[in-house]
S.K.: 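Mind looking over this structure? Questions follow.
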Amino acid sequence: MIKLPHNAKEAIKLQNELRSFVRIRDYPNIAQIRFIGGVDVAYFSRKMTSAYAVAIIWDRFSGEVIERAYAERNVTFPYIPGLLSFRELPVIIDAYDKLSLKADIWMIDGAGVAHPRGLGIASHFGVVLDLPSIGVAKSRLVGNHLHVPRNKGSWVPLWQDKKVIGHVVRTRSKVRPLYVSPGHKISVRQATELVLVCCTRYRLPEPTRLAHHLVTRRAHSL
DNA sequence: GCGACAG
DNA sequence: ATCTTGTCGC
């Protein structure tokens, strides 16, 4: 269970404290990563008062989902750009806790360190659970970048204060690119490498894509 | 004050 | 994120 602040000011203070625990470095043996976790959250209207989350573990070699878990919870924290984790991490962790198997690394919808204070939801998740993680966002939160070549597999660096905080990746030809940034315990380069390996015929990497598909269909599964 | 702004 | 149908393009 994560610490839940009561307002934006407290949330920002907490992020500034947690950011010091983020570790961006090479993952030991990325070629041997087999089990990749994926999570996503959905709301079924009614002023989006309750959130639903699905956490899955995907086998990169067989291409199959080997386990899935579902959770739902009333959300209290509002959606504020930069403070997304305080709204969605609680349900995500509820779903994560129901899994019996372990994943080598996790992919989360949203930013990793490509965040105003370097602690996007993927980093927050990684630090709290002490697990390697990657942030996979469908749009930009912070940073600047040049145009990304239109062909699948190409990418350009995402800059912030003269530093590369992530990559803007073309996971499908002629389709809007993804904003990939390391969450915890992985490097920028490897994060992009792993995301591309998980993209077969869709814009989103399989772990995140499948979790989104399941949570959108209210795929209950205990 | 104005514009930007993950899901 | 969610509300929504058909439609243009690879």
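Per chain, numbering begins at 1; letters A, B, ... match sequence-line order.
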S.K.: Mind calculating the distance between CG (A/Asn144) and C1' (B/dC5) to the nearest angstrom?
M.R.: 14 Å
S.K.: Check the distance between C/dC10's P and A/Lys152's NZ and give it to me in whole angstrom.
M.R.: 18 Å
S.K.: Would you kindly give the CG-to-P distance between A/Leu84 and C/dT2, to the nearest whole Å?
M.R.: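 Rounded to whole Å, this separation is 13 Å.
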S.K.: Which one, B/dA6, B/dG7, C/dT2, comes nearest to the side chain of A/Glu88?
M.R.: B/dG7
S.K.: Taking atom C1' of B/dC5 as reference, at what distance in whole Å does atom CD1 of A/Ile12 sit?
M.R.: 13 Å
S.K.: Classify A/Ala137 by what it touches in the nucleic acid, base, sugar-phosphate, or nothing, heavy-atom distance under 4.0 Å.
M.R.: sugar-phosphate
S.K.: Under 4.0 Å, heavy atoms only, any strand: does A/Tyr43 hit a base, just the sugar-phosphate, or nothing?
M.R.: sugar-phosphate
S.K.: Using the rule given for salt bridge (charged side-chain N to carboxylate O under 4.0 Å, His left out), can you reason through A/Asp59 versus A/Arg34, listing the C-alpha separation, both sets of side-chain angles and the distance that settles it, and then say yes or no?
M.R.: CA-CA 6 Å; A/Asp59 183 332; A/Arg34 176 172 186 176; 2.9 Å; yes
S.K.: Does A/Arg140 place a side-chain N or O at less than 4.0 Å from the phosphate oxygens OP1/OP2 of B/dC5?
M.R.: yes
S.K.: Base, sugar-phosphate alone, or nothing: which one does A/Leu178 contact when heavy atoms must sit under 4.0 Å apart?
M.R.: nothing
S.K.: To the nearest Å, give me how far apart CZ (A/Arg176) and P (B/dA6) are.
M.R.: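 Rounded to whole Å, this separation is 12 Å.
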S.K.: Roughly how many Å is it from OH in A/Tyr52 to P in C/dT2, rounded to a whole number?
M.R.: 11 Å
S.K.: For a quick check of understanding: with a heavy-atom distance under 4.0 Å over all strands, which category does A/Gly135 fall into, base, sugar-phosphate or nothing?
M.R.: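 Nothing, no nucleic acid heavy atom in range.
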S.K.: Do A/Ser187 and A/Asp26 have a side chain donor and acceptor closer than 3.5 Å?
M.R.: yes
S.K.: Quick one: on DNA chain C, does A/His212 or A/Lys174 contact a more 5' nucleotide (nearest heavy atom)?
M.R.: A/His212
S.K.: C/dA1, B/dC5, B/dG7: which one has an atom nearest the side-chain heavy atoms of A/Ser139?
M.R.: B/dG7
S.K.: Between A/Lys138 and B/dG7, does any side-chain N or O lie under 4.0 Å from OP1 or OP2?
M.R.: yes
S.K.: OP1, OP2 of B/dA6 versus side-chain N and O of A/Tyr179: anything below 4.0 Å?
M.R.: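 It does not, given that no N or O in the side chain of A/Tyr179 lies less than 4.0 Å from OP1 or OP2 of B/dA6.
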S.K.: Do A/Tyr179 and A/His167 have a side chain donor and acceptor closer than 3.5 Å?
M.R.: no
S.K.: Assess whether salt bridge (charged side-chain N to carboxylate O under 4.0 Å, His left out) is satisfied between A/Arg209 and A/Glu206, documenting all intermediate values.
M.R.: CA-CA 5 Å; A/Arg209 198 198 121 242; A/Glu206 289 301 284; 2.6 Å; yes
S.K.: Measure the distance from CD1 on A/Ile92 to C1' on C/dA1 and round it to the nearest whole Å.
M.R.: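 Answer to the nearest Å: 13 Å.
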S.K.: How many whole angstroms separate atom NE2 of A/His145 from atom P of B/dA4?
M.R.: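 The distance from NE2 of A/His145 to P of B/dA4 comes to 15 Å, rounded to the nearest Å.
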S.K.: Would you classify A/Ala114 as touching base, sugar-phosphate or nothing, given that sugar-phosphate means primed atoms plus P, OP1 and OP2, and contacts are heavy atoms under 4.0 Å?
M.R.: nothing
S.K.: Just compare C/dT2, B/dA6, B/dG7 and give me whichever is closest to any side-chain atom of A/Asp109.
M.R.: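 That would be B/dG7.
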S.K.: A/Thr208 side chain to A/Leu204 main-chain N or O, any donor-acceptor pair under 3.5 Å?
M.R.: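 Not at all, since once roles are kept as given, no pair shorter than 3.5 Å links the two residues.
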